[in-house]
Each structure stands twice: as structure tokens, then as C-alpha cells.
Amino acid sequence: MLAGDVNGTARIAFKQSSFPSRRVCQTAIIVGLTTQLTEEHAMKASVFHLATQREVPADAEIVSHQLMLRTGMIRKLTSGIYTWTPLGLKVLRKVEQVVREEMDRADSLEMLMPSVQPAELWQETGRWDDFGPLLLKMSDRAGREFAFGPTHEEVITEFARAEVRSYKQLPICFYQIQTKFRDEIRPRFGVMRAREFLMKDGYSFHIDEDCMGRYYQVMYDTYTRIFERLELKFKAVTADSGAIGGAVSHEFHVLADSGEDQIAHVPGGDYASNVELAEAVAQGERAEATEEMRLVDTPNAKTIADLVEGFDLPIEKTVKTLVVEGSEESGHDFIALLVRGDHELNAVKAEKLPQVASPLRMAGEEEIRKAIGAGPGSLGPAKLPIPCIVDRQVALMSDFGAGANIDDKHYFGINWGRDVDLPEVADIRNVVAGDPASDGSGHLELIRGIEVGHIFQLGRKYSESMNAVVMDENGRAIHPAMGCYGIGVSRIVAAAIEQNHDDKGIIWPEPMAPFDVVILPMNAKKSHRVRELADQLYEQLGQAGLQVLLDDRPLRPGVMFADAELIGIPHQLVIGDRGLDNGIVEYRRRGGENHEIKIDEIRNWIDNLNG
RNA sequence: CGGGGUGUAGCGCAGCCUGGUAGCGCAACUGCUUUGGGAGCAGUAGGUCGUAGGUUCAAAUCCUGCCACCCCGACCA
């Protein structure tokens, strides 16, 4: 059809002259020319689905979400649920493959578990209720209940209790890369916090804690290698294990200012922790009292800021009193928590206090009035009718000011012991920049990160609740210790963009770029030699094992440049008559230096690139 | 779930207050010109105005319910 078309457009002519078009490939299938079909690296823009957009979609807040939509990597189907387009999938698969290779290297065994899981399994561990509304529940025609798996501890433990019966089979680790669903209350930022997402989850089984600990270290190293291979700037931090359970846990964060998590670390040192967990160490010693405690009228002082401005009180001499719901075992409806005026309460730490209800709930104004007799702006430790726990730093304060538990009145010059008995002391605040690290290694700096991996030493939580047992050397049935290891594969794609972009678009780390090289022929329609060299390079690069995109679309140069930069292809070759006159093609490194390559040196250049 | 906001062409928006048969930019399609940084001209196509009801001679516009989506808070890979 194309061959004899004298009046055919240049576009058709160009396609015709190049490497197998879609039509030719189909023919090749028929005649069995499979060698050409294995050329899956190579792709022409004219047969690919490039769907870039110039305008920024209105509801995309962060850069990665905007760029993923503008490049056409993803399309939203509904809230928190996205289609990965051919372009986006190429990136996702690359990340997946690095994860797979490193997991395999650590002797972890890939498998695939069901995403639809029966309710009974979740009821066994109690998580059918504990997981709460995050669990997407559904029922079949017979009314039996199921959940779409948000994680797979139950399924793997069920699998292991049937398959793994002897210590001789241990240790063993299984993993899968699979779509998960968590019905997040508020999905946002595109695939960064989606409801449906791609996750690598791994689970290991061990005869004892010792072995679990050793394999945990193997996974720690594996994760480190994964993020190094992906060329991301990241940090491993000690973390809270949250709903999954277990004692020891580390999170892996891709560092980016837009990250939702705060990390406390010692610059240049080993200490790094999620702020949720970072221990706040009290500094200094309590000074002698120099003032008398006095009741002061503070009619308009409802906040710490009012107090500081209106009464010339240094913020380090003020105390915030927060009222939270008490736990059942505390025997009280409400508990007061005190932190210094310039500090913040740490909810994770507070929740772990036995007196405090979990999850943490702040008391409302009405509840506070009923329990204390004054409003939230006038609370303090003196003459407080409910139990009280103070932060370590608060315990070291002297001559400080706090509410008097009478509306519009504060006590100034309060001193522990003399005026008020020192209540229970605990670490309940967030660390701030400059605090000493709890290991004494230096002073903390706070940075932001995106959590892309989390490893846990689970222990026997699941093997016990689901009664998975193996026989040990002495013929006794024991519950194996478990570890679990997650990586947010789809989130990594977004996190990588957050960390690597400029005003023109994405700057992919090479290992996850959708294509290695793009060929941009200038004015190919008119220039036979441009077309010829483009085709030749396309073939050579493909045969060299590089994933190459030939932009054979009949477009103006500006559009081609803009697309190549937006999509973020690391290496660009610009072929034009201007360069050919001088025997060169132009090479551009996305986000880096440009230079010229002599045409007769291209072969070397390609070999170099590939090596 | 609580608080706020928005639903009009694939994307971004105007029109609504003051009811009168729906418009702009980008994208798409056709033709000609143009071709080293998101072209120009001419033409074409595309919309149950989220949805259901109500008021009215007449509803994108006014009223009510519902739905969806987005933003701020607690959760997570």
C-alpha cells in the first residue's frame, strides 16, 4: 500500500524508509521472522503512544504528579486509582526489575499471592477490625466476605503453615510484586499516595530471633543496594512499626523537600530517625528558683504567642497544656500533657503512654471545661484536677508561666517542687533542629523524605496468632520468627521525579528512564541524509542493546525538543543538515552538558554509552 | 469522618450575580504555507452544561436532594 504511493506524505515516506514499522512487524509474526520482533528496545514515536500535554492539570499539586500527567505516564481513572500508560509502565517495570534482581540476589523467592482474600484469614489475626476502613471489603454471590489485600501477612502465614514444617526449610523468604489496595481516607499527589498501588512485599521465616536479625540486616543491605542502583538520594532511618507490629524497624526515605515525613539526623553521622520516633533528650539542668509564683490577669492571652508578646515572657519560660483522652487502665477520662511553649507534642510517643488512649484524641473545648473548669487557653499544672504528664524538658524548667486553670488567668514564676509537685516525666515531644541526638553523636538536623521502603522484625505476632509451627531439631513445635519487608514500587517512580526534575520536565536517573536515547532528526521531511542517518543510528543503537526512541513524527523541532526534555530521556542525539555539513551530530545530556560527536566516531560513542 | 471548594468539549477556563436555544485558549482533524526551540492562514469536528427533581412561557444560570472530584486535618509503601 505504501510502496507505490507517489503522492504519499513525507511522514509515510519517512516511516517507510526506517526500521520495521508496526505493519512490517505484524507481517514478520506471520512469516516467523522472530529476530526482528525481539527488537523490543527500539521504538518509533509514530507508533508509540506519546501523549504529552503542555498545560498543567488543575488538580495536580506536586511536581511529580504534574509531570506524570503532562508526560502521559499515568491517567486517573478515579480518586486514587490510575492507569499506567505504555510510557509510564516502562519506568515502573524498570524499577520493578531492579527490586526483583536484588531480592533474588538475597535468596528471596518470588511468588504471587491472591489480591482477594477471605475475611476468615483476617479475623484470625484480628485485623479484619483493627485495620479499619483502610481495608476494602467486598462479598461474593453467596454473601461470603472478602478483602482486597492491602498487605499479605495473613496470606503468607497461611501459606507457610501449610508448606513449611521443618527447621530444615528455614530460613526462607518469599516476596511478590503486586497491586495492593488501601482505602486511604484522602488519596493525593497522584501515585504518591494512591489507593491502588504497586508494592513489593517480602516475608521471611526463621527458627529464632537471632536468625531473623541477621536476615533483617541482609534486607537492609539489599534495600540500600536497590536505592543506590536506582541512583536516588535516600536515607535509612529508625522508625515506628505502626499497625504492622513488631519491634525493630527501619524506613527508607527518598530525600525531597516535598516529602511528607520529617527525618531527624546528624549531618555526616550515623544517627537518623523518623521524627515520630526520634528520642528527645532534655538539655541543661534546672536552675534555682528566683521568682515567687504569682497569679496574673491575662484577659486576652489564649495562645503561647499572646503570652510571649503581651507579657514579655521568653517562650522558653512558657508551657503548653494539652488535654487528651485517657486510657481505660488510667481510670481517668482525660490526661494533661505538658510540653514547652516552643515544642510540639509527638502523637506517636503520647499514644504509647499507658495512661493515654490509643489512638490519640484531643479533648474538645466543652470536655475541657467540664473536666477542669477553664478553657483551653488558660490551662496549666498548678491546681490541675486531672492527672498530668510532663515532657523531660518541662521537668527542667524554672520560673515558668502557665495557665492557672481559671479563665483569663496565668501563674508566672512557677517552680517544680516548691509550687507544684513534679508529675510523671516522659519523652512526649518532637525533636527540633539543634537538639542533641539520643546516641550523643552530635546535633540533629531535620530534613524531609518520602517513605519508599519499610522493613520490620515482626517476631511471632503472626505465626502465633495464626498458629504456624515448624518442628525444631528436638522435634518440638515452635512458632517461627518473621520479618517483613515492603517497597512502594509505584511510589518510587513519583519520588524519583520529585527529586530529579527541572523547569523543562523530568531528569530520570538512567536506570529508570523509559528510553536510554532519543534520536531527534531535524527537518527529516526535506533532508534525505538526515533521514538516512537517523534510521542508521536507530538500528545501531537498538542492536547495541539500548532502548532507543526515534522521533519520526513530522513535527517542528521545538516540539520534539520539548517532548524529549519533558519525558526526561537521558541521552539525546540531534541530527540536522547544519551538523551534517560539518560531519557531526549534536549530543545532549538531559540535565547536563551538550557536545558534538563526529559522525565517524559515533560507533565508538555508542559502545561507550552502553558500557 | 469533620471543615472548605469545584463540577460547562480531551486539557485549562469564561458565561451563572441580573434566566432568553453555549463561548475562548490549547489539543484533535483537513488543506496550503512554514521547519534548529511548543508556527501561520483557512476550514472541520466535538458539549445530555455532574445528576434527579422543582420554580418558570423559558434554566448552564434560581431552589432542593443526591453523586463525583479537589484542598486542609488523623493514616500509610
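Using a 4.0 Å heavy-atom cutoff across all strands shown, Ala562(A) reaches at least one base atom of the nucleic acid. Across all strands, Val489(A) comes closer than 4.0 Å to no nucleic acid atom at all (heavy-atom distances). Across all strands, Gly486(A) comes closer than 4.0 Å to no nucleic acid atom at all (heavy-atom distances). Base engagement by Ile185(A) is indicated by at least one non-hydrogen atom pair under 4.0 Å involving a base atom. Backbone-only contact: Glu61(A) has heavy atoms under 4.0 Å from sugar-phosphate atoms and none from a base. Ala564(A) comes within 4.0 angstrom of nothing in the nucleic acid, heavy atoms only. Residue contacts shown for Val452(A) are limited to sugar-phosphate atoms, with no base heavy atom under 4.0 Å away. Note on Lys76(A): only backbone sugar-phosphate atoms sit closer than 4.0 angstrom, heavy atoms only; bases stay farther off. Using a 4.0 Å heavy-atom cutoff across all strands shown, Glu565(A) reaches at least one base atom of the nucleic acid.
Separating the CG atom of Leu77(A) from the C1' atom of A68(B) is a distance of 13 Å, rounded to the nearest angstrom. Distance CG (Leu555(A)) to C1' (A27(B)): 13 Å, rounded to an integer number of Å. The nearest whole Å value for the distance from the CZ atom in Arg193(A) to the P atom in A77(B) is 10 Å. The CD-C1' distance, from Glu184(A) to A77(B), rounds to 9 Å in whole Å. Between Leu50(A) atom CG and G38(B) atom C1' there is a gap of 14 Å when expressed in whole angstrom units. The CZ-C1' distance, from Arg186(A) to G2(B), rounds to 12 Å in whole Å. The CZ atom of Arg531(A) sits 16 Å away from the P atom of U35(B) (whole-angstrom rounding).
A close approach under 4.0 Å does occur between a side-chain nitrogen or oxygen of Ser79(A) and OP1 or OP2 of C70(B). When the side-chain nitrogen and oxygen atoms of Arg361(A) are compared with OP1 and OP2 of A74(B), none of them lie within a distance under 4.0 Å. One finds a side-chain N or O of Arg188(A) lying less than 4.0 angstrom from the OP1 or OP2 phosphate oxygen of G73(B).
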Show your working on ring pair (Phe, Tyr, Trp, His ring centres under 6.0 Å) between Tyr82(A) and Phe197(A) and close with a plain yes or no.
-> CA-CA 9 Å; Tyr82(A) 292 83; Phe197(A) 58 100; over 10 Å; no
Please walk me through it: do Tyr462(A) and Tyr203(A) pass ring pair (Phe, Tyr, Trp, His ring centres under 6.0 Å)?
-> CA-CA 11 Å; Tyr462(A) 295 93; Tyr203(A) 308 89; 8.7 Å; no
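At a cut-off of 3.5 Å, with distance as the only test, a side-chain donor of His528(A) or Glu532(A) sits close to an acceptor on the other residue.
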Polar pairs (N or O, both sides) under 3.5 Å between protein and nucleotides 31-34 of chain B?
unit_1, atom_1, unit_2, atom_2, d
U34(B), O2, Arg556(A), NH1, 2.6

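Of the possible polar contacts, one joining the Arg589(A) side chain to the Pro570(A) backbone as a donor-acceptor pair under 3.5 Å is found.
If you check distances only, the side chain of Glu55(A) does reach the base of G25(B) with a donor-acceptor pair under 3.5 Å. Applying the 3.5 Å distance criterion, the base of G38(B) shares a donor-acceptor pair with the side chain of Asp563(A). The base of G38(B) lies close enough to the side chain of Arg70(A) for a donor and an acceptor atom to sit less than 3.5 Å apart.
Among Arg491(A), Arg193(A), Arg448(A), Arg186(A), the single residue meeting the salt bridge (charged side-chain N to carboxylate O under 4.0 Å, His left out) criterion with Glu260(A) is Arg193(A).
The residues Arg529(A) and Asp581(A) are annotated as salt-bridged, a charged nitrogen and a carboxylate oxygen being separated by less than 4.0 angstrom.
Across all strands shown, U48(B) forms no Watson-Crick or G-U wobble pair with both distances under 3.5 Å. A 3.5 Å limit on both hydrogen-bonding distances identifies no Watson-Crick or G-U partner for A14(B).
Comparing U35(B), G36(B), G12(B) against the side chain of Asn523(A) picks out U35(B) as the nearest.
Among all heavy-atom pairs drawn from Ile492(A) and Val95(A), the shortest one is CG2-CG1, 3.9 Å.
With sequence neighbours excluded, the residues that form a side chain to side chain donor-acceptor pair (under 3.5 Å) with Ser258(A) are Glu498(A). Every side chain to side chain contact (heavy atoms under 4.5 Å, CB included) that Arg229(A) has, sequence neighbours left out, goes to Val98(A), Glu101(A), Glu102(A).
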